[in-house]
Amino acid sequence: MSNLIQLNNNTAQIAENAWVTAQLPASNVEERKQAGKVVLFKLTGEETITDTQIADTVIPASGKVIVPLSVFIARKELLLSRITNGEIGVWLDTHELLADLVSCQPDLNALPIIAVHLERFADGRIFSLSTLLRTRYGFKNELRAIGDVLRDQLFFLKRSGFSSFLLRADRSATEALASLSDFTVPYQGAVDEPRPVFTRYNRPI
Amino acid sequence: MYKYDQIDQQIVNERVAQYRDQTRRYLAGELSEEEFRPLRLQNGLYIQRHAPMFRIAVPYGMLSSKQLHKLADLANKYDKDYGHFSTRQNLQLNWPKLEDVPEMLAELATVEMHAIQTSGNCIRNITTDQFAGIAPDEVIDPRAMAEIMRQWSTFHPEFALLPRKFKIAVSGTKQDRAIVQAHDIGMEFYTDSAGKLAIKVWVGGGLGRTPILGSVIREHLEWQHALTYCEAIIRVYNLHGRRDNAYKARIKILVKALGIEEFKNQVEAEWAHIKDAPNTITEAELERVGKHFEAMPYENITANDAGFDASVASNPAFAAWVKRCVHAHKQTGYRAVTLSLKPHGKAPGDATSAQMHTVADLAAQYSFGELRVSHEQNLILADVKLSDLFAVWEKARTAGLATPNIGLLTDIICCPGGDFCSLANAKSIPIAEAIQMQFDNLDYLHDIGDIELNISGCMNACGHHHVGHIGILGVDKDGSEWYQVSIGGKQGNDASIGAVIGPSFSAEEMPGVVQKLIDVYVKERTPEERFIDTVRRLGVTPFKTYVYAKEVVSA
């Protein structure tokens, strides 16, 4: 059973995943620690990917592939024909910079899909990244949350502009569907509904 | 005060259902501890030393009689028959069961209350002046804007999981009583030269382990842009605030690292894109919400009341209470009353269910059915007629709510401390109680005069020790509890952070240490000086010398 939820005209449904996500090979750089504990999250703009990792990333020779941002930037020339064919998407981590994506690929809408990867579900940078992709950079195609994606964040992800959600493998996407409609009438304007409640409704006193 | 419409009620009802299901999934093992943690925190539920602690939102400190009756009932039914009013104007229950919380939320929803975002890494309850709407020095009643901001911040999707907690305070008075400079964002409302409502915006203040007063990021912001400007600030923070170290994750650290100029540039660049976005507040919305905060239907009465004057003249105890606990009011013939939750020898800010019922009844009978919670952890009846003050005093006194110590040494701000809180290094309530007993003489207290003593059980600074004229901080040294003392902190327009006087003390030493600080003040003060003025004039040295010199002599 697929673990992907897709929004189509604001209706959520379980969908088959047409995309393969290319992964960076494991790094041999040690994780940063403080007092023996792994640090909570990587800092925005932190360089954590090595040239070797980029070079060693396996991109399947055919089919639809979402490649890591660093690999996309470094190996874009080799992917040009597949980009034209709509076979290439890009994923980035929450600590990576949208500016890097946009300077390498000014026309984001040439990409059929952009994914943002959550290393940990509690990393709220993802909401600002998607908001900016939609409102600042005008990205109109599929925007997908991947990684540590859990149902209790789905409502916020949807409101922040995501249109598909690949639930963490050990969780049920079918059960998670319900959380997309936790709230009927949110107060503030956001990506999915830019108008705040006070301009959408007549709220007589 | 603000009354819910169908939309507000539906959001709160849906929250109850959502949290009920989250609790169910947690108890069924479908959610891990780590996954449940931010969910319960954003509903005010901490796991504490003895039991969970449950923090109920009191938006900008406003309560109705009906709501306070409900809080009293909840404290009785689900807790040990008392509650604790916090320095962020909320109510905390220290002994509820995790399993009961969904039901408690359902009960709260029936009186238009909730626990949304009272904890966790999100935008917290927005606080303000406890005398909003009635203070004579008020320029603008900030409550309508506070309510608009409450709605905007409730489940704001982009800011649902910030690097760290985020606190906003708003103020509309000449004399700041909301400590706007000690908040992540402080908004000071004023009327600009064109006669329009404007906002001076402060950013990057905060207490905690790195106390910093905020910097002005914008001198003049038109009120319509309050939400979008906050969005620009918080977006920069959300993306660039540190998440690798929880102790360095508040916005103040980012502002300090970038410098206020660079931070401001980034915010302004961001804001340029969203300045007139749909979240811009409309005149109609300000008017709609403002209608909820219109002046009470005051009676047309005279400025003086013969009965009141006679009572003051004939009853010294009443006169002492009037002096400390009764405050000026915009409306002729009316006063605001502070009901002290600081009786000597009791935990500051605690109220029993019976006391809450009494206050709710007093509010219903004498103050239009409304009351407020102050960040100094007292309860306020905002609109009492002069002629009713004596009756209010008698009833309050019977209920133990009329200690005439507001603004005096024993009106201590104090966090729950090591007795309850799992973060605390040391107990704070017994220290407060011991100090109150050391100074359990009202004439002496009145002679010492205006002073603020604040106690926090750890560097998270819930007791605001940095801005206390005397600040006491619980520290842990090799597993035992010690207390670090600072002096010279102050809230208000001329806010300052206190300076530590020297090595820390044991719990037993603390009443004596405070006594010595007061002795120096009483000896050195000029007739006009408050404690804080003397500290500012003389500096820390004479206090420090006396406190520590005595130690050597007695040893």
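Numbers restart at 1 for each chain; the letters A, B, ... are given by sequence-line order, proteins then strands.
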Subject >> B/Glu158 and A/Ser128: side chain donor to acceptor below 3.5 Å >> reply: yes
Atom [atom1] of [X] with >12 non-hydrogen neighbours under 6.0 angstrom:
X	atom1	answer
A/Asp51	CG	no
A/Asp170	CG	yes
A/Lys76	NZ	yes

Subject >> Members of residues 116-125 of chain B whose heavy atoms come closer than 4.5 Å to chain A >> reply: none
Name the region of [X], side chain, backbone, both or neither, that has any atom closer than 4.5 Å to a heavy atom of chain A.
X	result
B/Arg15	both
B/Ala246	both
B/Tyr4	neither

Drop me the distance from [X]'s [atom1] to [Y]'s [atom2], to the nearest 0.5 angstrom.
X	Y	atom1	atom2	answer
B/His156	A/Ser160	NE2	OG	8.5 Å
B/Glu35	A/Asp148	CD	CG	7.0 Å
A/Arg125	B/Arg235	CZ	CZ	15.5 Å
B/Glu285	A/Arg203	CD	CZ	6.5 Å

Do [X] and [Y] have side chains that get closer than 4.5 Å, going by heavy atoms?
X	Y	answer
A/Arg151	B/Asp21	yes
B/Leu31	A/Leu150	no
A/Leu40	B/Asp244	no

Subject >> Heavy-atom pair with the smallest gap, counting every atom of A/Gly124 and B/Asn238 >> reply: O-ND2, 3.0 Å
Subject >> Shortest non-hydrogen contact between A/Gly189 and B/Asn279, atoms and distance >> reply: N-OD1, 2.9 Å
Original post:
side-chain contact (heavy atoms from CB on, under 4.5 Å) between A/Phe121 and B/Glu34: does it pass, once the steps are laid out?
Top reply: CA-CA 10 Å; A/Phe121 74 94; B/Glu34 192 203 348; 4.1 Å; yes
Original post:
Looking at A/Gln153, A/Lys158, A/Arg159, which one forms a side chain to side chain contact (heavy atoms under 4.5 Å, CB included) with B/Pro157?
Top reply: A/Arg159
Using non-hydrogen atoms and a 4.5 Å limit, figure out which bit of [X] sits close to chain B: side chain, backbone, both or neither.
X	answer
A/Phe155	neither
A/Thr199	side chain
A/Glu175	side chain
A/Leu132	side chain

Subject >> Audit row: A/Tyr187, B/Phe155, ring-ring contact (aromatic ring centres under 6.0 Å, His included) steps and yes/no >> reply: CA-CA 8 Å; A/Tyr187 279 126; B/Phe155 308 131; 8.1 Å; no
Subject >> Options A/Val191, A/Thr44, A/Asp192, A/Leu129, ranked by heavy-atom pairs under 4.5 Å with chain B, top entry >> reply: A/Thr44
Subject >> Best-contacting candidate, A/Lys42, A/Arg171, A/Glu46, against chain B by heavy atom pairs under 4.5 angstrom >> reply: A/Arg171
Go through [options] and name the one with the most non-hydrogen pairs under 4.5 angstrom from chain A.
options	result
B/Arg243, B/His240, B/Arg288, B/Lys291	B/Arg243
B/Lys3, B/Arg37, B/Glu270	B/Glu270
B/Ile234, B/Leu227, B/Asn13, B/Leu161	B/Leu161
B/Asn245, B/Ile148, B/Ile274, B/Leu162	B/Asn245

Without swapping roles, check the side chain of [X] against the backbone of [Y] for a donor-acceptor pair under 3.5 Å.
X	Y	value
A/Gln188	B/Thr154	yes
B/Gln10	A/Thr184	no
A/Asp182	B/Gln18	no

Subject >> A/Val185 vs B/Gln6, side-chain contact (heavy atoms from CB on, under 4.5 Å): CA-CA, chis, key distance, verdict >> reply: CA-CA 10 Å; A/Val185 180; B/Gln6 281 183 349; over 6 Å; no
